[in-house]
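Reading through the C-alpha cells given below for one structure.
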Amino acid sequence: MSKTTDNTPDKAPDEEASRPSSFIHDIIEEDRRTGKNDGRVQTRFPPEPNGYLHIGHAKSICLNFGLALEYGGKCNLRFDDTNPLKEEQEYIDSITTDVHWLGFDWEDRLFYASDYFGQLYEWAVQLIKAGKAYVDHLTADEIREYRGTLTEPGKESPYRNRSVEENLALFEQMKNGELEDGECVLRAKIDMVSPNLNMRDPVMYRILHAEHPRTGDKWCIYPMYDWAHGQSDSIEGITHSICTLEFEDHRPLYDWFVEQLGIHAPQQIEFARLNLTHTVLSKRRLIRLVKEGYVSGWDDPRMPTISGIRRRGYPPAAIRDFCDRIGVARANSTVDIQLLEHCVRQDLNLHAPRVMGVLDPLRVVIENYPDDLVEEMDAINNPEDPEMGARKVPFSKVLYIEREDFMEDPPKKFYRLAPGREVRLRYAYFITCTDVIKDENGEVIELRCTYDPETRGGDAPDGRRVKATLHWVSARHALEAEVRLYDHLFIDPFPAGDDLENELNPDSLEVLTHCYVEPSLADANHGDRFQFERQGYFNVDLDSTPENLVFNRTVPLRDTWAKIQQQAK
RNA sequence: UGGGGGGUGGCCAAGCGGCAAGGCAGCGGCCUUUGGAGCCGAAGAUCGCAGGUUCGAAUCCUGCCCUCCCAGCCA
C-alpha cells in the first residue's frame, strides 16, 4: 500500500510525547516487565465478514494496530468466518479496503479462521478422546430448555455420557455429511450448573450444509465462535486478545479450551465499545438504514461506516486522532460527536487547500469596474502552510457573493455588507454597496457596488479598516456545482434507533444546486478535500463529473456568528 | 431474587494511600485579509451513597444504590 503523510499513523515510540495510557497499556507493560511471552506483543483485528466496518470498529483497529506499533509488535488481520450463512466475499473486500484506508498494514498476515478448520477438527477429536466433548442429539429447543435460566441451573443431556467410541463415530459422520443440518451438535462437557451460562456445555460445532466463501463445500460442520476464536488466537501466537465487554463472560470458556488443549494461551482483555451521539452503531440498525432506503447505501456520507465517512471527506488521520483521544476503558460511554468533528476540522485546517465557493449566490455588479477587464488576483492556498503556495483567482465586473453576507437592514453585530457599507472581497478589493435591486416580490436580486482601485489585493494604502471579508467568485469564470450539506442522522443525541420514522433528522441532507465555485476546481479529483473559505470543508463526491461537479460538505467551520444569532433568540 | 462488569466536572478520561492531569463542549479577552485558525484567561468535581481503617482515602475494607452484559446450533 502507498504510504503518504495523510495515511501513516505516527506511533513511533518517542520519549517526551505523552504516550496514551490505559489499563491495557498497563497490562502489556507489566507483561513485558515480567518477561511474559518473551516480551512479545502480538494482537489481531478479527472482524466477521458479515457487514461493513464503522467508526466503532475503527476504535478497535486503532487500538490493536496501535498497540503493536507502540510496542514493536505485530497485528494480524483475521476474518472470523465461521458462519457461512451470513458471510460474503463483498464484506471481506470492503473490510480490507477500510483497514488499509485507515492507514494500517497487516503485511503478509492476512488470516481466516477457516484456515484453521482442519486443526480445529483434530483438536475436537482430541477433546472427545479426553472425554471432554460429546455429540448431543437434543434439538435446539431442548438444548435451550436443558440449559436452565439465569437463576436456575441447567441439567445434563441424556446423551452426555456416550462412550468415546460412539462420540468419535458420530462426530466423523457429522464431518462426512452423513447427517442433516440441526440433527446433532458437538458440545464441550463442562458444567451444566455453572452460574456462567457459557460454561453449561457450550456447542462447539453445528452441522451446516452451506457453501463457505473460502472453503466451498469442503466442510459441512462449522465451529462456533467460542471454539474457533481462542484457538485461532493461539495458533497465531496472539499475546493479547482484545475484544469488547460483551465477551467478558466468555473468558472462562476461552481459557478452558486453551488449557484443555495445552496450547499457547493468549490473554483475553475486554474494553468498552464506542458509542457516539446522534447516530447508531449497531450492525442491525445500520443494515435497516440501508435496506429500508433511509440512506443511499453503506457509503452514504451520513453513515458512521468507514466507507461513509470516507466518502464524506473525513481524513483517516482524523479518525486515528479521534481514537487516540477517546481513550480506552471499561466503562460504557457515549462520546460527543463534536469531538469527532473537532478532530476532522483540526486535520483539515492544516491540510486542506482553501478555495472560494458561493453556495447561495447573490449577483454583484461593480459599477466603476471596467466592463471587460479581468484581473488575476493572488490567493494563498493555505495560511497554515506556506508550502502549499498560491494561485490566481479571476476577478471581473460581475461577481457572486453569498446571499447571507448581505443584509439590507443589518442588526447590531452584523459586520458584513449592507447599503452604504464597505467590506473587503478576499484577496481582491474593498467594495461599497451603493444600491439594492429587488424583484417585484421585494426580494433582493442584485447589488450595485463600487470598488476602490487603491485597495487591490485587499489592503487600503490609507490604512482604513473594514470589519468583514467576504468570499466571492467571478460570474464569468465560475463553475456551477451541486453541493450536498449533511447534518446528524438522528435528532436525539441518544437515539434508540428503532423508530426510524420519527427519530431520523429530516434535514440530514440538503442538496444545493446552482452553486458557484472558483475555476481552479475544474481539475479536482474524486475525494479531493478543500476548505471553502468561511464555510467549511468539502470534498469531491464520487458522483461528481466534469460536467456536473458535486461536493460534499464534510464539516462546517465553527461559526461564531451563528452562535451570536442563537443567543439573540 | 444467578454470574460477570461499570459508576471521577455537560461529554470522554488520567489517577494505583499524600493531598483531583488532559481533551471536547461552554464562557471571557487578544489577534486576524476566513466572525476560521491561533493565543491568553477564568469557571466548572460533595471522585454513586453510607460507614470503617489510616496522621492522611477517588485510591484499602464493609454495606447499600444505580447501571450495563449473559439464557443463538450468531459473533
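Just so it is clear, the structure is predicted and the values come from calculations on it, not from any experiment. Within every chain, numbering begins at 1; the chains are lettered A, B, ... in the order of the sequence lines, protein sequences first and strands thereafter.
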Looking at every strand, decide which applies to A/Glu341 at a 4.0 Å heavy-atom threshold: base, sugar-phosphate, or nothing.
-> nothing

Between A/Val328 and A/Asn83, whichever has its closest RNA chain B nucleotide further toward 5' is A/Val328

Please name all residues satisfying side chain to side chain donor-acceptor pair (under 3.5 Å) with A/His471, sequence neighbours left out, ordered by chain then number.
-> A/Glu402, A/Arg534

Reckon A/Ala331 touches a base, only the sugar-phosphate, or nothing at all at heavy-atom distances under 4.0 Å?
-> sugar-phosphate

For A/Val466, answer base if it contacts any base atom (sugar-phosphate contacts may also be present), sugar-phosphate if it contacts only those atoms, and nothing otherwise; contact means non-hydrogen atoms under 4.0 Å.
-> nothing

Side-chain N or O of A/Thr469 less than 4.0 angstrom from OP1 or OP2 on B/U32?
-> no

Remember a base hit wins even if backbone is also touched, and classify A/Thr82 as base, sugar-phosphate or nothing at under 4.0 Å, heavy atoms.
-> sugar-phosphate

Give a yes or no on whether a donor-acceptor pair under 3.5 Å exists between the nucleobase atoms of B/C74, that is its base, and the side chain of A/Asn50.
-> no

Quickly work out the A/Asp321 CG to B/C12 P distance and round it to whole Å.
-> 19 Å

Which part of the nucleic acid, if any, lies within contact of A/Thr277, taking any heavy atom under 4.0 Å across all strands shown: a base, the sugar-phosphate backbone alone, or nothing?
-> nothing

Hey, does A/Ile143 reach any base, or is it just sugar-phosphate, or nothing, if we go heavy atoms under 4.0 Å?
-> base

Presence of salt bridge, A/Asp498 and A/Arg285, under 4.0 angstrom = yes

Checking A/Arg78 against A/Phe111: charged group under 6.0 Å from the ring centre and within 45 degrees of the axis?
-> no

If you look at every strand shown and take non-hydrogen atoms under 4.0 Å, does A/Pro383 touch a base, only sugar-phosphate, or nothing?
-> base

With A/Tyr52 via ring pair (Phe, Tyr, Trp, His ring centres under 6.0 Å) - residues at least two apart = A/Tyr91, A/Trp298

What nucleic acid atoms does A/Arg354 come within less than 4.0 Å of, heavy atoms only: base, sugar-phosphate, or nothing?
-> base

Where along nucleotides 65-72 of chain B does protein come under 4.0 Å, by heavy atom, of base (B) or sugar-phosphate alone (S), with - for untouched nucleotides?
-> ---SBBBS

Would a line drawn from the ring center of A/Phe171 to the ring center of A/Tyr205 be shorter than 6.0 Å?
-> yes

Checking all strands, does A/Glu248 fall into the base, sugar-phosphate, or nothing category for heavy-atom contacts under 4.0 angstrom?
-> sugar-phosphate

Using atom CD1 of A/Ile337 as one end and atom C1' of B/G10 as the other, report the distance to the nearest whole Å.
-> 17 Å

In terms of base orientation, is B/G72 syn or anti, with the syn window spanning 90° either side of 0?
-> syn

Pairwise side-chain contact, A/Leu359 with A/Gln535, heavy-atom cut-off 4.5 Å (strictly under) = yes

For RNA chain B, which residues in residues 424-432 of chain A have a heavy atom at a distance below 4.0 Å?
-> A/Arg424, A/Arg426, A/Tyr427

Got a donor-acceptor pair under 3.5 Å from the side chain of A/Arg416 to the base of B/G35?
-> yes

Is A/Leu340 touching bases, backbone alone, or none of the nucleic acid, heavy atoms closer than 4.0 Å?
-> nothing

Quick one: salt bridge (Lys or Arg N to Asp or Glu O under 4.0 Å) pairs with a partner in residues 137-147 of chain A, sequence neighbours left out?
-> A/Asp141-A/Arg144

Starting at the 5' end of nucleotides 18-29 of chain B, put B wherever the base has a protein heavy atom under 4.0 Å, S where only the sugar-phosphate does, and a dash everywhere else.
-> -----SSSSS--

What nucleic acid atoms does A/Phe414 come within less than 4.0 Å of, heavy atoms only: base, sugar-phosphate, or nothing?
-> base

Have a look at A/Val203 and say if it touches a base, only the backbone sugar-phosphate, or nothing, with a 4.0 Å heavy-atom cut-off.
-> sugar-phosphate

Tell me what A/Glu533 touches on the nucleic acid: a base, only sugar-phosphate, or nothing, going by heavy atoms under 4.0 Å.
-> base

